[in-house]
Amino acid sequence: MRTLVSPGALRSRRGKVVYGVVFACTLLVFVLAFLFPLYWAVTGAMKTPQELARTPATLVPHEWHPETFGEAWDQLNLGKYFLNTLVVAGGAWLAQMAIDVPAAFALSKLRPKFGNAVLGLMLATLMLPAAALLVPTYVTISDLPLLHLNLIDSPAAVWLPAAANAFNVYVLKRFFDRIPDELIEAARLDGAGPVRTLWRIVLPISRPILAVVSILAVVTAWKDFIWPLLVFPDTGKQTLSVMLQRVAIDMPLNVLTAGMVLASLPMVALFLVFQRQILSGLAAGGLKG
């Protein structure tokens with residue numbers, strides 16, 4: 001195997017020093033690239049509005065005002081909108097798990113007739129721009145077929161369109177394909193039906209990929225803006241992203257920045273808590289016997 005630097009050069013003292021310096025510099029650049037925006041947002045929220053709007057910008061606040069976060073919580077009524085967003089994101093996650101996991105299992109292990117055609121049609125929807133689906137989805141939500149229900153201003157207006165996610169079905173199916181068919185056959189011989197096989201056999205060994213899909217589902221629903229803006233005309237039922245945009249004109253810049261920081265904290269904490277499961281799910285390529 002040929003590499004840019006030979007193994008012999010890396011084993012030398014000079015090679016080790018150069019390698020260590022390059023690795024440290026690269027790591028530092030990536031750490032700064034990810035952490036600096038967070039630092040800028042947090043410190044910006046603790047500046048005065050005048051200092052925050054100053055040009056050139058100050059790297060460190062002249063005066064620290066951590067009380068801005070409390071003001072943002074009270075003035076923006078963040079508790080209410082956090083609850084709204086939690087209901088929307090939690091319901092979207094539950095709907096996707098209830099629909100996408102059984103669909104992927106059926107396409108992977110039950111192999112229904114025309115299953116490949118169904119999967120192909122589902123993947124074809126990923127080629128459509130999201131904006132092209134807004135109007136037909138809105139028309140469907142405003143007058144639900146057969147039931148003739150208007151779901152505007154209801155969390156179900158977000159849950160139902162999010163339920164059938166072609167990307168999640170594809171990712172889950174690819175993982176399920178790597179589960180040995182012998183396990184499924186053994187469960188079938190023991191008298192387990194498809195539902196019990198999915199619940200007792202497949203899901204316990206699919207935790208890494210389920211964590212990845214869950215994080216993607218929650219983060220997507222949490223930060224979504226266009227669709228909640230359309231389906232929640234009632235300001236009292238809006239999500240955080242829509243509310244922050246609505247009040248942006250009237251709020252002091254530092255209070256608005258503090259609100260954005262507080263709104264992003266749950267997703268940052270979610271990643272930090274489940275980062276091991278996320279990385280293991282992304283790297284999952286097979287099963288160890």
Side-chain angles (χ1 to χ4, degrees), residues 1-47 51-62 64-66 68-69 72 82 85 89 93 96 126 130 165 167-168 170-172 174-175 178 206-226 240-241 244-245 253-254 256-286 288:
M1 182 178 62
R2 302 182 62 181
T3 60
L4 185 62
V5 182
S6 66
L10 288 177
R11 283 194 294 267
S12 65
R13 183 177 180 181
R14 180 181 179 184
K16 292 180 180 179
V17 172
V18 172
Y19 175 81
V21 171
V22 172
F23 179 80
C25 292
T26 304
L27 181 62
L28 180 62
V29 168
F30 277 96
V31 169
L32 291 177
F34 282 100
L35 293 184
F36 184 76
L38 296 177
Y39 167 80
W40 191 257
V42 173
T43 56
M46 290 188 281
K47 297 177 181 178
E51 184 180 359
L52 189 56
R54 183 180 302 173
T55 303
T58 55
L59 187 61
V60 179
H62 295 318
W64 296 83
H65 296 280
T68 307
F69 292 102
F82 260 110
T85 310
W93 167 77
Q96 291 184 52
L126 297 177
N165 189 302
F167 178 77
N168 287 347
Y170 176 74
V171 170
L172 289 166
R174 292 291 295 173
F175 186 90
R178 298 180 180 274
S206 303
R207 290 176 183 173
I209 197 64
L210 292 176
V212 172
V213 172
S214 297
I215 295 297
L216 292 176
V218 172
V219 171
T220 300
W222 190 276
K223 68 183 182 64
D224 194 12
F225 171 73
I226 295 296
L240 281 168
S241 58
L244 290 172
Q245 185 274 339
L253 191 55
N254 61 335
L256 182 64
T257 304
M260 293 179 179
V261 171
L262 293 174
S264 64
L265 285 180
M267 295 300 99
V268 175
L270 192 66
F271 174 79
L272 293 177
V273 171
F274 294 101
Q275 59 177 323
R276 180 174 299 178
Q277 289 82 352
I278 296 171
L279 295 177
S280 61
L282 293 175
K288 296 181 179 180

Atom of [X], atom of [Y] and distance for their closest heavy-atom approach:
| X | Y | answer |
| --- | --- | --- |
| Thr257 | Leu52 | OG1-CD2, 3.8 Å |
| Thr68 | Asn254 | CG2-O, 3.6 Å |
| Ala89 | Ala221 | CA-CB, 3.7 Å |
| Trp64 | Val60 | CZ2-CG1, 3.7 Å |
| His62 | Thr58 | NE2-CG2, 3.6 Å |
| Leu126 | Phe167 | CD2-N, 4.0 Å |

In Å and rounded to the nearest 0.5 Å, what is the [atom1] to [atom2] distance from [X] to [Y]?
| X | Y | atom1 | atom2 | answer |
| --- | --- | --- | --- | --- |
| Asp224 | Ile226 | CG | CD1 | 8.0 Å |
| Trp93 | Ser214 | CH2 | OG | 5.5 Å |
| Leu240 | Gln245 | CG | CD | 13.5 Å |

Next on the checklist: For Phe82, is the CZ atom crowded, meaning more than 12 foreign heavy atoms sit under 6.0 Å from it?
Outcome noted: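 Check passes, neighbour count above 12.
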Next on the checklist: Can you confirm whether Arg54 is buried at CZ, in the sense that more than 12 heavy atoms of other residues, nucleotides or ligands lie under 6.0 Å from that atom?
Outcome noted: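 Atom CZ in Arg54 is crowded, with more than 12 foreign heavy atoms closer than 6.0 Å.
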Next on the checklist: Do Ile215 and Phe271 make a side-chain contact, defined as non-hydrogen atoms from C-beta onward lying under 4.5 Å apart?
Outcome noted: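 Side chain of Ile215 against side chain of Phe271, heavy atoms only: no contact under 4.5 Å found.
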Item to check | Non-hydrogen side-chain atoms of Leu270 and Met267 separated by less than 4.5 Å | outcome: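 Leu270 reaches Met267 side chain to side chain.
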Checklist entry - Would you call the rings of Phe34 and Phe30 parallel, tilted or perpendicular if under 30° counts as parallel and over 60° as perpendicular? => result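 Answer is parallel, since the angle falls under 30°.
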Checklist entry - Step by step, would you call Leu59 with Trp40 a side chain to side chain contact (heavy atoms under 4.5 Å, CB included)? => result CA-CA 8 Å; Leu59 187 61; Trp40 191 257; 4.0 Å; yes
Next on the checklist: Using a 3.5 Å distance criterion without hydrogens, assess whether the side chain of Tyr39 forms a donor-acceptor pair with backbone atoms of Leu32.
Outcome noted: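 Not at all, since once roles are kept as given, no pair shorter than 3.5 Å links the two residues.
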Item to check | With sequence neighbours excluded, residues passing side chain to side chain contact (heavy atoms under 4.5 Å, CB included) with Thr220 | outcome: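 Testing Thr220 for side chain to side chain contact (heavy atoms under 4.5 Å, CB included), a comparison that skips the adjacent residues, returns none.
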Next on the checklist: Just to verify, what does Val29 make a side chain to side chain contact (heavy atoms under 4.5 Å, CB included) with, not counting sequence neighbours?
Outcome noted: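 Side chain to side chain contact (heavy atoms under 4.5 Å, CB included) list for Val29, sorted by chain: empty.
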Next on the checklist: By the definition side-chain contact (heavy atoms from CB on, under 4.5 Å), identify the one residue from Val213, Val219, Val212 that meets it with Leu216.
Outcome noted: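 With Leu216 as partner, Val213, Val219, Val212 yield a single side-chain contact (heavy atoms from CB on, under 4.5 Å), made by Val212.
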Checklist entry - Do Lys223 and Ser241 meet the criterion of a side-chain donor-acceptor pair at a distance under 3.5 Å? => result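 The criterion, which ignores hydrogens and geometry beyond distance, is not satisfied for Ser241 and Lys223.
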Item to check | Distance-only polar pair, side chains of Trp222 and Thr85, donor-acceptor under 3.5 Å | outcome: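 Thr85 and Trp222 do not have a side-chain donor-acceptor pair below 3.5 Å.
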